[in-house]
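What follows is one structure encoded as structure tokens, with my remarks underneath.
Reminder, nothing fancy here: chain letters follow the sequence lines and each chain counts from 1.
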Amino acid sequence: MSDISKAYEPGAVEERWYGEWISQGCFAADPASGKPGFSIVIPPPNVTGVLTLGHVLNNTLQDILARRARQTGHEVLWLPGTDHAGIATQTVVERQLRKEEGKTRRDLGRDEFLRRVWEWKEKHGGIIIKQLKRLGCSCDWDRERFTMDEDYSRQVQETFVRLHAQGLIYRGKRMVNWCPVSQTALSDEEVVMKSTKGKLYVMRYEVAEEPGTFLEIATTRPETLMGDTAVAVHPEDPRYAHLIGRHAWRPFPRAMIPIVADRHIDMAFGTGVLKVTPAHDKADFEIGQRHGLEVIDVMNPDGTLNDLAGPEFSGMERFAAREAAVARLEEMGLLARIEDYENNVGYSERADVPVEPRLSEQWFLRYPQVPAALDAVVSGKIRFVPERWAKIYEHWMTNIQDWCISRQLWWGHRIPVWYRLDDSSVVHVGLDAPADEDNWRQDEDVLDTWFSSWLWPFGTMDGPTRAKFYPTNDLVTGPDIIFFWVARMIMAGLEFTGETPFRNVFFTSIIRDLKGRKMSKSLGNSPDPLDLMAKYGADGLRFGLMRIAPHGQDVRFDENQIKEGRNFANKLWNAARFREMQGPPLVVKPLAEHALSPYSVAVITAFDAMHAAYRQALADFHFHEAATQLYDFFWSTYCDWYVEASKAELTAGGASADSVRAVMDHVLGGYLRLLHPFMPHITEELWDRLGFAAGEGRARLILFASPPDEDSLPGIPAEEKAQAANAVAAVYEAVRAVRVLRAEFKVPSNAECVVHLARHPDFAGFDLSVFRSLARATEIEEIGASGPARKMPHALTPLGEVYLELDIDVEAERQRMLGEIGKIEAEIAKVEAKLADTSFVQGAPPQVIESFKTRGADWRAKRAKLETALAAL
RNA sequence: GCGCGGUUAGCUCAGUGGUAGAGCACCUCCUUGACACGGAGGGGGUCACAGGUUCGAACCCUGUAUCGCGCACCA
């Protein structure tokens, strides 16, 4: 009996082999290696993050690529690290501070607060890295980087200085997206548009020069009317042409504001009159610029109204102020009506509150290398997989806007700009303050996190590493950060290294729950991958996910799929266990020197075909397809058929048993190597247990084993292989036919039977012992084409006509069946009559109708079954 | 509004012009010396809908519905 346990227990195996790989330094990339390089940089997870299913998917894919490359003889660098994630991390630490000490970051001051964030990072920042290790990721952990590492930070700031010197970075007072919760500016990409149900308020502004005449003005944001500095109409709008150049009364604070003409106004929308609030709307700001309007900012950075809004509203939160302003308008009789209205409102991605368009002084970047970056993808120099993402990229690149890179946060890379204390218009841009540093103060702001991430593919590498491993080969990431990260890395790569930073970009699926919702913490619909790994093993989780993660489409997560992964690991384990029970591996002579049965030739041929499909699938980044190939070959072709077909020979012993063992070793050995990138731990364990490991140290590991040969049996001509496969398929077809007959005639699986065969001449002389054992027949009696003496259930197969000998009187059985079919038809007729009766159908409750339909279907199924059986008689 | 992608069995999904597939779930049989996390057999589909091209369409074309995503938005 084997000493391998009956059910595979992944926990200990996975831990042991991961430890082994680490202690042998298997993941370390050597820039001095003579092997060709292969590299991937990890999309750095947020240092605050914990592992999600999205990470599992993403990193399993990278691990597959890395492990496959190791097997194919590459020196592999998979470079890991984490991202400081400015807003996210700062928010987490601030929240904790408020909760535990009742303090804000300002209470602590900048230096002390940053000390706390670092403390927090040291304490919790490693969690996701540990989790990635649990998953089996083969990253070169000694090279782990953090976007706030000293040298990396220096590069970020140098980048700023350099782009500033080139005139691409500039400072300006502009309308930006402001998050009132985080109290910082955001880039356009950090704003998500949400369809929001709201109200359209129609207000009445009196024309100053024509008392008693009112303009109706529609707005969704009455709380900003205190900042109105004009009313605008379309220059060609006949309704209002006579008013252009006159004035309207802003109700409160009461002021006379000009009526201007601007082509931006849509005559067809609302009343065709727009209130212009240059401080609180991007389009209004532009109108203000065109007409030289005053800008009145009535809001504080935290989203409350300020003194300019008037004492009545000062200090009021913006949405409360909306209600108050409407009430005030109504009181004054200046509210015409309120309509329901649905429009898109920009929300802060992080804080999930509506962003406030806000005029403020920020740093902007005019992107470098835009045409080249666009061309790199359009021309295919960088390959996007699936290809359709290239269109999204192209669209964004051709409509690209300057990037607001400054953030009013403390956690991040401080902007390397100094202002002279006595004259802040004197600016110094550089890593360090000028020599008389006491006379200068550094810009308070930090840089957008993505301004550091865009350097990741090369900023993480030193000189020798870059020489060997840059540009990287593949990037695996989510399509949700195509603009945030992928596009910007391409531009940075071109600008700072003169090369595109990667060759292929694979965009993963987005994992949703069974209801199609995005996984999120607040919904509580995101299973913890660690729990899943505890239940099903890391390999089970990986393989289960690979089988459902299609080519860049959304995927609905179902735990059952992971269970299948676990079951597959168990199947593999037991197939290996079966082989181990047959004795130690046979290395005495090469496969080709054994006398191979047609079954062996066929299984090896099928293995080679699977191997070819697997290679193609991986080359196309069709991971799902590769996983399916692996699964189907092993479970069906190898276990269900080959192993079962070979049992008799193994029991018989002798040379043919040796041959079967050799074939099993060949298939299992090759198979484990192909499966290893998907299920690294169990394959390493079995490689070792089955005795395939040879040599010393690393050479013993499947991790570094070469893939199997593409042609396992070069000595056998293709026609001969096809012939064997054909004969074997005929036998298996016949086996299936016998099984069907057995099921139809209620011969239990464990009962033996006698089968008669009128053999097709193509297979004359072919040994039938496998047919006999798989059909669980006591004997196969060969008969002539005219069939057996008495009637028996039968079926036609490629191997010939097969007959199942039964201890029954066939004619009596036929009569019995005919009788039964008659009864069933009567039942069907009853049901049909009932369903055809309109008064019944109209009167009966739907459940009753349903049950009748179901009953009808059941009877019909029974009838079909009997008819099939009858046909075999 | 413009663009992209999806719609196939109860569920999750494969399937690029030639007899509709897998796994799970369901029903029947089987604890046979690898595996019940298993084996054998079975039922279940108007391939969203409507047209068109073709000898032949889940697949190609046109339109519609619906879900999702991206972009742009009219206050």
Assign [X] to base, sugar-phosphate, or nothing according to its heavy-atom contacts below 4.0 angstrom with the strands shown.
X	result
I392(A)	sugar-phosphate
E644(A)	base
R221(A)	nothing
D480(A)	nothing
R566(A)	base

Next on the checklist: Taking the basic N atoms (NZ, or NE/NH1/NH2) and the acidic carboxylate oxygens, is any pair closer than 4.0 Å for D228(A) and K275(A)?
Outcome noted: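 Yes, D228(A) and K275(A) are salt-bridged.
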
Checklist entry - Salt bridge check: are R736(A) and E733(A) linked by an N-O gap of less than 4.0 Å? => result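 Between E733(A) and R736(A) there is a salt bridge, with a charged N closer than 4.0 Å to a carboxylate O.
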
Under 4.0 Å: is that the gap between some side-chain N or O of [X] and OP1 or OP2 of [N]?
X	N	answer
K647(A)	rU32(B)	no
W635(A)	rG39(B)	yes
K391(A)	rG5(B)	no
N567(A)	rG38(B)	yes
K6(A)	rC35(B)	yes
N560(A)	rC11(B)	no
Y341(A)	rA75(B)	yes

Next on the checklist: Would you say that more than 12 heavy atoms from the other residues, nucleotides or ligands in this model lie under 6.0 Å from the NZ of K194(A), or not?
Outcome noted: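 Yes.
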
Opposite nucleotide pairing with [N], Watson-Crick or G-U, both atom distances under 3.5 Å:
N	result
rG44(B)	none
rG56(B)	none
rC2(B)	rG70(B)
rU62(B)	rA50(B)
rA20(B)	none

Sticking with atom [atom1], work out how far [N] lies from [M], rounded to a whole angstrom.
N	M	atom1	value
rC60(B)	rC4(B)	P	15 Å
rG17(B)	rA22(B)	C1'	23 Å
rG68(B)	rC13(B)	P	15 Å
rU16(B)	rC59(B)	C1'	6 Å
rC69(B)	rG63(B)	C1'	23 Å
rG10(B)	rC26(B)	P	15 Å
rG5(B)	rA14(B)	P	15 Å
rG43(B)	rC24(B)	C1'	16 Å

Checklist entry - Do F633(A) and Y614(A) have ring centroids that are under 6.0 Å from one another? => result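 Centroid distance Y614(A)-F633(A): not below 6.0 Å, so no.
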
Checklist entry - Do Y638(A) and Y671(A) have ring centroids that are under 6.0 Å from one another? => result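 Judged by ring-centre distance (under 6.0 Å), Y671(A) and Y638(A) do not meet the cut-off.
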
Item to check | Geometric class of the F483(A)/W396(A) ring pair [parallel <30°, tilted 30-60°, perpendicular >60°] | outcome: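 W396(A) and F483(A): parallel rings.
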
Checklist entry - Roughly, in whole Å, what's the span from NZ in K194(A) to C1' in rC71(B)? => result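 Spelled out: NZ on K194(A) to C1' on rC71(B) is 18 Å.
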
Checklist entry - Can a donor-acceptor pair under 3.5 Å be found between the side-chain atoms of R388(A) and the base atoms of rC4(B)? => result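 Absent.
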
